[in-house]
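Down below is the structure, laid out as structure tokens.
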Amino acid sequence: MIPSYYEFLNSVKILSGVKALENMPFELKNLGAKRPIVLTNDMLVKFGLVDIVLNAFKESDITIGAVFVDIPADSSIKVVNEIAEVYRKNNCDSIIAIGGGSVIDTSKGLGIVISEDTEDIMKYMGSEIIHKRKMPFVVVPTTSGTGSEATLVAVIANPDKNVKMEFISYNLLPDVAVLDPRMTISLPPRMTASTGMDALVHAIEAYTCMQKNPLSDVYAFASIKLITEYLPKAVGNGKDQDARLAMANASLMAGAAFSNSMVGLVHAIGHACGGVCHVPHGDAMTILLPHCMEYNMDEMGELYGELLLPLAGADLYSSTPREERPAKALEVVKEMIDKYNKQCGLPKTLSECGVKKEDLGRIGKTAINDGAIIVNPKEADYNDVLTILEKAL
Amino acid sequence: MSKIKGHVYKEIKPGKKRGKTFLAKTVFWFLGRGAQATAKYDSNAKAEVYSWEDGMTILLKVESNGPVMAIGKRKGKLLYLGSKEITADITIYFKNIEAALLVLTGRIGIAQAFAEHRFTLKGDIAEGMSVVRCLTTVEAYLFPKFITKKIIKRMPKKECSSFKVYTATLFGIK
């Protein structure tokens with residue numbers, strides 16, 4: 001069914017495949033850039049991934065203006081302002097982000113600060129109030145993943161006020177996303193599984209939330225199909241370049257889906273788990289997905305049933321009676337989580353991640369104030385969230 | 001106006017939608033005073049307001065120069081602050097009068113309006129969610145059942161009659 005109204009934008013140019021990185025100078029030139037700043041973290045420098053990207057600029061006309069490597073695990077406003085000073089002093093005119101969600105969000109924050117010429121990024125908190133981006137912006141994701149290379153969202157912490165600031169704007173979308181299998185080849189199995197499950201949750205929630213539309217559905221569906229086929233291969237053999245590239249594509253597609261369709265209850269509670277108890281995002285998604293699916297089943301069961309096709313394949317889908325498909329989809333998801341739990345220790349409960357019963361109240365209060373909860377088709381109040389958390393503990 | 005190769009090109013200034021603007025202004029008046037009344041009688045609305053910092057101001061506005069409604073927490077109470085634009089902590093900008101009226105006349109709820117990108121929000125989205133919950137409770141009292149069952153995901157339990165809230169709305173009881 002077509003929604004009565006929707007909006008869709010995916011303006012990111014995607015370069016995917018063999019030697020994709022080496023096309024970056026051409027793309028930057030097309031965008032009028034000459035001196036990009038490179039943003040990354042020191043772990044990626046240690047793994048040699050940053051060198052691979054920098055080598056892609058040999059024999060080109062592009063000079064790297066500066067390389068900033070001190071981006072922490074959580075994006076922060078202090079780091080954004082520090083980078084802005086480096087950007088200005090080195091006369092940079094564009095941004096290249098190499099990394100996962102934190103690096104990409106920090107880069108988006110830099111884009112806001114420079115474009116709006118401000119030192120107070122808090123003035124731009126909110127939804128669709130950032131009206132410009134002045135510089136070209138390229139993202140090279142190194143996880144598969146957050147999908148941030150194709151989303152209009154950035155979350156940046158304000159450590160002084162101990163809050164996470166959310167920014168939503170089409171002007172945060174990068175110009176180019178570069179999916180090169182070399183960037184995820186060294187991701188360990190556990191991280192591969194965790195980030196892969198994050199992408200799966202993005203796709204499932206994008207397909208089932210209130211903002212869903214025919215275009216985001218296509219991205220979500222295709223993403224789930226790739227994840228179920230290639231995540232086991234990528235976890236089992238990290239050197240499988242085809243699997244790595246497929247997962248990079250799946251993650252981007254899931255990002256594009258949820259960028260245009262939002263996420264829901266799993267993310268609302270998952271963000272809160274991360275904010276209150278520092279549960280890694282991918283782990284929180286894995287733990288919460290089956291419980292939230294159970295909670296949502298009476299409202300969204302039919303949509304979960306449709307997802308049995310990409311989750312389990314045509315044979316199981318067609319042999320499962322229609323009314324049994326929602327439950328079967330949930331069963332398939334639980335089997336997937338069990339498999340990665342046995343294979344690489346992906347957690348199944350919040351207590352495995354250090355969450356205690358006395359933390360649940362604070363997590364619940366935070367979760368109900370997450371923007372994602374508003375577009376979950378089924379209402380979830382504090383008590384509902386608490387019930388889900390208790391089951392997930 | 002310009003004339004090029006015999007063709008005359010006149011500029012077209014934006015027209016007005018006076019009837020719709022008046023309707024939005026009227027509903028904003030009811031909504032603002034209704035919020036003030038609901039927060040007096042309903043414990044859920046009261047709890048949301050309790051969680052806000054004193055002095056917090058919320059503005060609803062219709063772009064580009066449309067009607068405005070301001071409410072805010074002052075000395076522990078939620079008060080209607082009038083129809084002039086003031087500096088606010090949370091501002092909800094309806095993108096146009098048509099988008100505003102979809103919500104203000106109960107054709108779609110606030111959650112669906114957000115999903116359909118009918119408004120932008122300036123401020124902390126987390127605080128915005130508390131405001132949305134409060135306004136949803138207000139809608140539950142001000143709109144009749146045949147509207148609320150379509151636009152509110154889960155109808156909150158009303159703690160007094162809508163008549164009481166309407167009376168307080170009309171007489172500006174704080």
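- Summarising the local packing, OH of B/Tyr50 is surrounded by 12 or fewer heavy atoms from other residues, nucleotides or ligands at distances under 6.0 Å.
- Summarising the local packing, CD of A/Glu302 is surrounded by 12 or fewer heavy atoms from other residues, nucleotides or ligands at distances under 6.0 Å.
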Query - Steps toward side chain to side chain contact (heavy atoms under 4.5 Å, CB included) verdict (A/Ser127, B/Phe119) - result: CA-CA 9 Å; A/Ser127 174; B/Phe119 61 83; over 6 Å; no
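- Within the model, atoms NZ of B/Lys122 and CD1 of A/Ile129 stand 5.5 Å from one another, a figure rounded to the nearest 0.5 Å.
- The environment of B/Asn65 atom CG is sparse: at most 12 non-hydrogen atoms of other residues, nucleotides or ligands sit within 6.0 angstrom.
- Within the 4.5 angstrom heavy-atom criterion, only backbone atoms of A/Pro377 (N, CA, C, O) approach chain B.
- Counting heavy atoms of neighbouring residues, nucleotides and ligands inside a 6.0 Å radius, atom CD of A/Glu358 exceeds 12 of them.
- Counting heavy atoms from C-beta on, the side chains of A/Gln211 and B/Glu116 never come closer than 4.5 Å.
- Heavy-atom distances place no part of B/Glu127 under 4.5 Å from chain A, backbone and side chain included.
- Surrounding CZ of B/Phe22 are at most 12 heavy atoms belonging to other residues, nucleotides or ligands under 6.0 Å away.
- With a 4.5 Å cut-off on non-hydrogen atoms, A/Tyr5 touches chain B through its backbone and its side chain both.
- For chain B, the nearby part of A/Met262 is the side chain; its heavy atoms alone come within less than 4.5 Å.
- Between A/Ile374 and B/Arg133 the shortest side-chain heavy-atom distance does not fall below 4.5 Å.
- Using a 4.5 Å cut-off between heavy atoms, A/Lys123 touches chain B through its backbone atoms (N, CA, C, O) alone.
- Salt-bridge annotation for B/Lys153 and A/Asp381: absent, with no side-chain N of the basic residue lying under 4.0 Å from a carboxylate O of the acidic one.
- Most heavy-atom pairs under 4.5 Å with chain B: of the set A/Met122, A/Met125, A/Lys378, A/Glu166, this distinction falls to A/Met125.
- Counted within 6.0 Å of CD on A/Glu119, heavy atoms from surrounding residues, nucleotides or ligands total 12 or fewer; the atom is thus considered open.
- Note that CD of A/Glu128 and NZ of B/Lys95 are 3.5 Å apart. Values are rounded to the nearest 0.5 Å.
- For A/Asn260, no part lies under 4.5 angstrom from a heavy atom of chain B.
- Contacts of A/Ile168 with chain B are made by side-chain atoms alone, with heavy-atom separations under 4.5 Å and no backbone atom involved.
- A salt bridge does not link B/Arg154 with A/Glu299: none of the charged nitrogens is closer than 4.0 Å to a carboxylate oxygen.
- For NZ of A/Lys365, the number of neighbouring non-hydrogen atoms (other residues, nucleotides, ligands) closer than 6.0 Å is 12 at most.
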